[in-house]
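The next block holds one structure in the form of structure tokens; read it before the comments.
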Amino acid sequence: MKVFRLFILILLMASSSMVGSKCVAQTIRDANHHNIGRISPNGTVRDGDSRPLGFFDRDGVIRNKGNKQVGLIKGLQIYNNDNERIGYILTDGTVRDGESRVLGNIDKSGKIYDANKRIIGYAQGVRYEWIACYFFFHFFD
């Protein structure tokens, strides 16, 4: 009976580690479904070859790979280092620049559209403001 319990415990631990590893980072893909990067739940941004590009701090600061601040997120609003609002995201996923021009849209399934409603990428399970910083405001180019 003890051997059986140990076996069940090992199975549970193995399955939880497999599920946990799938939740580590979300893949960012271009319009052709090619892997172009990853964003982990803690905000680390990597390119398609897993090299660090930057990260999002918990307090909303956006940093490049050299740890230099390049922007700031306050709610669904995005600011540059001069504290000028360069864009924002509406609750329906519409991304606008600082002058309210539509840049594109992020739908609930993770599809990213440009202003002409063409798909430019995919990022399922990634926070909208992080997707906008990556695709529309190019903080990690």
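Taken to the nearest 0.5 Å, the CD1 atom of Ile119 stands 11.0 Å off from the CG atom of Asn105. To the nearest 0.5 Å, atom CD1 of residue Ile112 and atom CZ of residue Arg29 are 11.5 Å apart. For the atom pair CZ of Phe56 and OG1 of Thr44, the computed distance is 10.0 Å after rounding to the nearest 0.5 Å. Separating the CD atom in Glu99 from the CZ atom in Arg85 is a distance of 10.0 Å, to the nearest 0.5 Å. Separation of atoms NZ (Lys68) and CD1 (Ile62) is listed at 13.5 Å; rounding is to 0.5 Å.
Considering all non-hydrogen atoms of both residues, Arg46 and Leu53 come closest at C-CD1, 3.8 Å. Of all heavy-atom pairs between Arg63 and Phe140, the closest is O-CE2, 3.4 Å. Of all heavy-atom pairs spanning Asn35 and Thr27, the tightest one is OD1-CG2, 3.4 Å. What you find for Leu72 and Lys74 is that their closest heavy atoms are CD2-CE, 3.2 Å. Residues Ser100 and Tyr88 come closest through the heavy atom pair OG-OH, 2.9 Å. Shortest non-hydrogen contact noted between Phe139 and Val70 is CE2-O, 3.0 Å.
Hydrophobic clustering places Ile86 together with Tyr128 (ILVMFWY residues linked when any side-chain heavy atoms are closer than 4.5 Å, directly or through intermediates). Hydrophobic clustering, with ILVMFWY side chains joined whenever heavy atoms are under 4.5 angstrom apart, groups Ile120 together with Val95. Put simply, Ile28 and Ile73 are part of the same group of oily side chains (I, L, V, M, F, W, Y) that touch within less than 4.5 Å, one to the next.
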Tell me which donor-acceptor pairs under 3.5 Å the side chains of residues 130-138 have, and how far apart each pair is, sequence neighbours excluded?
{"unit_1": "Tyr134", "atom_1": "OH", "unit_2": "Ile36", "atom_2": "O", "d": "3.3"}
{"unit_1": "His138", "atom_1": "ND1", "unit_2": "Asp141", "atom_2": "OD2", "d": "3.1"}
{"unit_1": "His138", "atom_1": "NE2", "unit_2": "Phe135", "atom_2": "O", "d": "3.2"}

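Using a cut-off of 4.0 Å between Lys/Arg side-chain N and Asp/Glu carboxylate O, Asp114 and Arg118 are scored as salt-bridged.
Between the side chains of Gln77 and Tyr79, at least one donor N or O lies within less than 3.5 Å of an accepting N or O.
A donor-acceptor pair under 3.5 Å links the side-chain atoms of Asp47 to the main chain of Asp49, judged by distance alone. A donor-acceptor pair under 3.5 Å is formed between the side chain of Asp30 and the backbone N or O of Asn32.
More than 12 heavy atoms of other shown residues, nucleotides or ligands fall within 6.0 angstrom of atom CD in Gln69.
Scanning for ring pair (Phe, Tyr, Trp, His ring centres under 6.0 Å) contacts around Tyr113 gives an empty result, with sequence neighbours left out.
Residues Ile89 and Arg127 are not in side-chain contact: their nearest non-hydrogen atoms beyond the backbone lie 4.5 Å or more apart. Here the side chains of Leu76 and Glu129 are in contact, with some heavy-atom distance below 4.5 Å.
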